[in-house]
Each structure stands twice: as C-alpha cells, then as structure tokens.
Amino acid sequence: MNATTYNQDLSILNTSVDITVKREDLIHPFISGNKYRKLKYNVEKAKEIKATSMLTFGGAYSNHIAAVAYAGKAYGFKTIGIIRGEELGLKKDLNPTLKFAKACGMKFQFVSRDDYRKKTSEDFIATLKRRFGNFYLLPEGGTNDLAVKGCQEIIQTEDFHFDYVCCAVGTGGTISGIINASQTHQKILGFPALKGDFLQQDICKFATQQNWNLITGYHFGGYGKIKPELIAFINRFKHNYDIPLDPIYTGKMLFGIFDLIEKDFFPKASKILVIHTGGLQGIAGVNAKLKRKGGPLIDL
Ligand SMILES: *Cc1c(COP(=O)(O)O)cnc(C)c1O
C-alpha cells in the first residue's frame, strides 16, 4: 500500500496565523485518510502470517468498518464486522456505510450494546473464533502498534517547520503516530470527538514524546452528536475553502481551531498544520438521519 498527500493553504483566511490543511482524505478513494495509515502495516502483517480473514468492530457509520471492508476486497481477505446495535440487523435496508461494506463482501454480526462492550474480553473473542474460525483481529477503530507505526507516516520532513499540528481524536492511535513522528519543538493538539477521560492514558500507551495536549471542549455533547451550528460551520467551511469536512471528527476539530483562533489561543504568526483525516464516507448516513429529523443537511 502506498499513498501520497499534499498540503493545502487556507490563504483566504484573514487572521494572524497561518493554517495549512494536510489532505489525507485524498490519499485513497475508499480507504479514507487515517484509516489507510492504520491498515497499511496490519494488512502487511496479515499477509505475512497468511491470515485469510480479518475481524473487527465498529458502529453503524464507522469509517473503520468501511475501510476494512474495502481493504479485504482489494487485498484478498474475508472480512467480518461486529457491529454495535442489534436493531441494525433487523432493518431491511442497511445504511450507506454498511451497504458499502456488504458490497465489498463483509459479513456482519450485529450485537447488543452490552455484548459490544465485551469486545476486548478473551471469552468474547473465543466465541467469535468458534463461530468464524481463525481471523486476524483488528481492535475497534483499528488502533494497535502497527496502526500507530502507519500513522507516523502522516508527518514528513516537509511538515517540521509547523509550530502546531492538529488532529481529531477517536481512539488515539492517529495522534500517537503524529506525536512520535513530530519534532520536539512542535506542539501536537488533539481534538477528541467524544467525551471521556480514558483518552489521555490510551495515548500515553503509544506516544513516545510529551509535546501534546488534548483540547476537550469541542465534542458537541459526545461521539456522533451533531448540532445545527456544527453543520452550519461545515457548510460554510466547504463554501469558503472548497474542503469538505465530516461531522464526526474533522468538522468538530476545525470548529475548535477556528474558535481558538478567535480567542487568541495561538501566538501571532503561528504556523498551524491541520490533518484532514478523512471520514467523508460517513456524511451520507448522517444526512439520512438528519433528514428524518427534519434538520439542516450537510452540503455535498
Ligand atoms: C477514525 C477517525 C479519527 C480518529 O482516529 P483515532 O486514531 O481513532 O484517534 C479521526 N478522524 C477520522 C476522519 C476518522 O475516521
């Protein structure tokens, strides 16, 4: 697996800081942004040990589920998705993410939220092995040592002159890779897409440097929670800079960055690199839900 990326200046932004977006969302048409980075060495490893199937976990709109399903199709693995929410299996029409994953050949098991919480327990994994046979196990969100190794490749020498590097945080694998690849003079800022104090410790498990901080005020109420002001921001951002953002991760992060700029958080003339981790496949599913609720939609 190989990827190239490029940096895009937000030169129209009329502020005292300099913002550049790293378009990781464009490195692959289907394996989006950081999910590509996280899968790269895991796919190599799975091939090396001659695994024939991969099993992983995710929610109904999971970028990781979509990425694994496509990787399975592209690299010749069977894929199994353990999906959070029994009710999803009963619905006749799968949502766009699951429909895509199914078309790539992924098999699903829909589990209750209680069972889903057991996803790291040995008993639960043993049950899955009895049902599906042996498999290469990818944790939820795809975060493990090899994923962090892949994410280190997000940062290249051309990025060393930035003062700040910002990224969205789910399980913490991506920011860990960025931290490990960064220069000590750089400050890495993570914007969690969810509530929870466990992230700090999770990142410490993988990160080899201390030059980072979590900015916790921009999760909009929790994982997958979306407010009209967030949608308005995402639509405005796309209109102004021609860069689409997803509502679960990158939209919340950029909302936070713009808010921090307004509050003079960054010293004058700071050079800020923003990592666009992708996730755009999730917009269709979120829009379908917003439409049912009669709210404003994300512009495509
Ligand atoms: C999964 C995901 C993240 C979070 O990555 P972690 O490594 O789990 O912290 C951020 N942005 C997007 C678009 C994602 O899909």
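Counting convention: from 1, in listed order, for ligands and their atoms alike. A quick note: this is a predicted structure, and the numbers were derived from the prediction, not measured.
Ligand 1 has Gly278 within reach: a non-hydrogen atom of the residue lies less than 4.0 Å from it. Ligand 1 has Lys35 within reach: a non-hydrogen atom of the residue lies less than 4.0 Å from it. Ligand 1 has no atom lying under 4.0 Å from any heavy atom of Ile175. For the ligand labelled ligand 1, residue His276 lies outside the 4.0 Å heavy-atom shell. Under a 4.0 angstrom heavy-atom cut-off, Gly172 registers as being in contact with ligand 1.
Residue Gly170 places at least one N or O, backbone or side chain, under 3.5 Å from an N or O of ligand 1. For the pair Thr250 and ligand 1, the shortest N or O to N or O distance does not fall below 3.5 Å. Considering backbone and side-chain N/O atoms, Val169 never comes within less than 3.5 Å of an N/O atom of ligand 1.
Between Phe266 and Tyr164, the distance from one ring center to the other falls under 6.0 angstrom. Taking the ring centroids of Phe255 and Phe191, they lie at or beyond the 6.0 Å cut-off.
Within the 4.0 Å heavy-atom criterion, the part of Lys38 lying near ligand 1 is the side chain and not the backbone.
Judged by distance alone, with hydrogens and angles left aside, the side-chain atoms of Gln209 form a donor-acceptor pair with the main-chain N or O of Ser182 at under 3.5 Å.
Using cut-offs of 30° and 60° for the angle between ring planes, the His28 and Tyr70 rings count as perpendicular.
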